[in-house]
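Notes for the one structure printed next.
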Amino acid sequence: MRSYIVGGAVRDRLLGRHGGDVDHVVVGATPQQMLAAGFRPVGRDFPVFLHPHSGEEYALARTERKVARGYHGFEFHADPSVTLEQDLARRDLTINAMALDPGSGEIVDPFGGRRDLALRVLRHVSDAFAEDPVRILRVARFAARFHDFTIAPETLVLMRRLVDAGEVDALVPERVWQELSRGLMEARPARLFEVLRDCGALAVLLPEVDRLWGVPQPAEHHPEVDCGEHLLLVLDVAARLDAPLPVRWACVGHDLGKGTTPPGEWPRHLGHEARSVRLVEAIGRRLRVPTDCHELAVLAAREHGHVHASGALGAEALLRLLERGDALRRPARFEQLLLACECDARGRAGFEQRPYAPRERLRRALAVARGVDTAAVAALAAGGGRQGREVGEAIRRARVQALRDAGF
């Protein structure tokens, strides 16, 4: 029985990266031997165990065979006869198909992973790549992480073949979201969408996003003109500003309605905000997007234009905007809305370094509105015989007056 460190931990060590999970594969062992050595079983589909002291995962070496469409359509085989090379052969990319002998420090690299690291290439291990449609999303995610790597032409051909065969249609929503969300949090999330679009998967998984390419916007506001190119710029700004996942997802959805504007109305997109909301809601249901991401995306789709134009708003209109954004009750989420809007404004050719004035102005307005002593206002209103809605209106008038007094 021998164990090896495998996968991303080996790749990252060779790249000089640190951190992340460390996975192990065990060759020549049975589940009974693992249990006898104190390992705890955790795998449902195939034998995976947790080390009794480190808690790291140790999986028995295995092979897999495609028996049905989709991510779950595999039959696994694990027994002591499975070799390390057979286990590595089932992996997606050559840079992920290396193993490290922790005792000797030897790198086991039967498929040229070190070569492809040096060449900065994402290349599939074998034609078995085409058996798992999730690998399309994984390649796109790795392209977003290792953004100076290219995708081998033959790997892109296999990805397109998977899409053409309808394999992407069989992916379960949870797995699609898992890979998309991880890709969005990489260093260059724009590449996630570039790769998915290049292989045709974007049109299948997110047709609402794919439709943005080829749709023009007014050049005086968007020098990049194309709506799809604007999205890529916005996502790159979000990464530079270290935006959290809900903000990055809101960036994806904020302009989706422009993809449904009739060509006869181009380059204007009147009413695109309401259409964007409907499309974001549809994607959220389809992919089962988590609530925090979904709610912020809907809010950004609906309000980003108002936030951009908020410099011209007076006290009354500013308070309405704060109320629509539920900023008084949920200031942290409103701050995320402002960050998403800043990404949108700076995600334009030539605007990347321009300060975003509405963010600071709305922050100050929110601080003023939240600074009103609502308990004192309510008590005064109740003392004057007001109740219910009248008390709420008194609080609202006090907030408007406070904004006016502060110069808004």
Side-chain angles (χ1 to χ4, degrees), residues 7-9 11-12 14-21 91-96 113 116-117 119-124 129 132-153 155-156 158-160 162-163 168 171 174-206 208-210 212-213 224 226 228-254 283 287 289-290 293 297 339-340 343-344 346-347 352:
R11 175 200 68 223
D12 290 347
L14 292 172
L15 288 172
R17 294 173 172 238
H18 303 287
D21 296 332
R91 298 173 187 269
D92 50 8
L93 299 173
T94 60
I95 64 170
N96 297 329
D116 285 340
L117 283 179
L119 293 173
R120 294 294 196 261
V121 172
L122 301 175
R123 191 190 317 274
H124 64 285
F129 177 98
D132 186 357
V134 171
R135 289 173 171 170
I136 291 175
L137 289 161
R138 282 175 56 83
V139 171
R141 172 163 63 84
F142 283 123
R145 179 185 303 178
F146 304 117
H147 48 84
D148 58 339
F149 280 53
T150 60
I151 298 175
T155 300
L156 194 56
L158 272 182
M159 292 166 67
R160 289 171 177 157
L162 269 172
V163 174
V168 173
L171 290 173
E174 292 85 358
R175 194 62 201 272
V176 173
W177 171 254
Q178 180 186 37
E179 293 296 333
L180 286 176
S181 61
R182 293 175 72 181
L184 280 170
M185 293 307 296
E186 298 291 1
R188 279 278 330 273
R191 283 209 73 201
L192 174 78
F193 292 90
E194 289 174 335
V195 172
L196 291 177
R197 185 165 177 263
D198 283 348
C199 71
L202 189 63
V204 178
L205 297 172
L206 289 170
E208 303 89 347
V209 177
D210 189 67
L212 293 174
W213 273 267
E224 72 284 352
D226 188 272
E229 295 303 314
H230 169 59
L231 171 60
L232 300 181
L233 291 172
V234 172
L235 288 172
D236 280 343
V237 172
R240 286 200 300 274
L241 297 181
D242 199 24
L245 178 60
V247 171
R248 298 190 192 202
W249 183 243
C251 289
V252 172
H254 78 285
I283 295 173
L287 296 186
V289 174
C293 294
L339 180 54
C343 295
D344 178 31
R346 292 173 59 181
E352 294 87 351

[Y] side chain reached by [X] side chain, heavy atoms, under 4.5 Å:
X: Leu241; Y: Val247; result: no
X: Asp198; Y: Ile151; result: no
X: Asp132; Y: Arg138; result: no
X: Arg191; Y: Glu186; result: no
X: Glu224; Y: Leu233; result: yes
X: Arg120; Y: Thr150; result: no
X: Cys199; Y: Leu162; result: no
X: Val252; Y: Phe193; result: yes

One thing to verify: whether Arg175 and Glu179 come together as a salt bridge, which I'm taking to mean a side-chain N less than 4.0 angstrom from a carboxylate O.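 Yes.
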Where [X] and [Y] come nearest, the two heavy atoms and their spacing:
X: Ala144; Y: Pro189; answer: CB-CA, 4.3 Å
X: His230; Y: His254; answer: NE2-NE2, 3.4 Å
X: Phe129; Y: His124; answer: CD1-CB, 3.6 Å
X: Phe149; Y: Ile95; answer: CE2-CD1, 4.4 Å
X: Leu171; Y: Pro133; answer: CD2-CG, 3.6 Å

Spatial distance of atom [atom1] ([X]) from atom [atom2] ([Y]) [nearest 0.5 Å]:
X: Thr94; Y: Arg11; atom1: OG1; atom2: CZ; answer: 11.0 Å
X: Leu158; Y: Ile136; atom1: CG; atom2: CD1; answer: 9.5 Å
X: Arg123; Y: Thr155; atom1: CZ; atom2: OG1; answer: 6.5 Å
X: Leu339; Y: Cys251; atom1: CG; atom2: SG; answer: 7.0 Å
X: Arg248; Y: Cys293; atom1: CZ; atom2: SG; answer: 11.5 Å

Mind running side-chain contact (heavy atoms from CB on, under 4.5 Å) on Leu196 and Leu137 for me, showing each step along the way? CA-CA 7 Å; Leu196 291 177; Leu137 289 161; 4.0 Å; yes
Please report the C-alpha distance between Leu180 and Leu206 in whole Å, then the side-chain angles of each, then the deciding distance to 0.1 Å, and finally whether the side-chain contact (heavy atoms from CB on, under 4.5 Å) criterion is met. CA-CA 11 Å; Leu180 286 176; Leu206 289 170; 4.0 Å; yes
Kindly write out the residues that satisfy salt bridge (Lys or Arg N to Asp or Glu O under 4.0 Å) with Glu174, not counting sequence neighbours, or none if the list is empty.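 Partners of Glu174 under the salt bridge (Lys or Arg N to Asp or Glu O under 4.0 Å) test: Arg288.
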Residues forming a salt bridge (Lys or Arg N to Asp or Glu O under 4.0 Å) with Asp344, sequence neighbours excluded: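 Salt bridge (Lys or Arg N to Asp or Glu O under 4.0 Å) list for Asp344, sorted by chain: empty.
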Atom CG of residue position Asp148 - does it have more than 12 heavy atoms of other residues, nucleotides or ligands inside 6.0 Å?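 Enclosed: over 12 neighbouring heavy atoms sit under 6.0 Å from CG of Asp148.
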Mind checking ring pair (Phe, Tyr, Trp, His ring centres under 6.0 Å) for Trp177 and listing every partner two or more places apart, or none if nothing turns up?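 By the ring pair (Phe, Tyr, Trp, His ring centres under 6.0 Å) rule, Trp177 matches Trp249.
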Donor-acceptor check, side chain of Arg160 to backbone of Gly200, threshold 3.5 angstrom: yes or no?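 A pair under 3.5 Å: no.
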Is the side chain of Arg188 donor-acceptor paired with the backbone N or O of His147 at a distance under 3.5 Å, no angle test?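 Not at all, since once roles are kept as given, no pair shorter than 3.5 Å links the two residues.
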Given Leu122, which of Val195, Asn96, Leu93 fulfils the side chain to side chain contact (heavy atoms under 4.5 Å, CB included) condition?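 Among Val195, Asn96, Leu93, the one meeting side chain to side chain contact (heavy atoms under 4.5 Å, CB included) with Leu122 is Leu93.
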Aromatic rings Phe142 and Phe146: how do their planes relate, parallel, tilted or perpendicular, breaks at 30° and 60°?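 Rings of Phe142 and Phe146: parallel, as their planes differ by under 30°.
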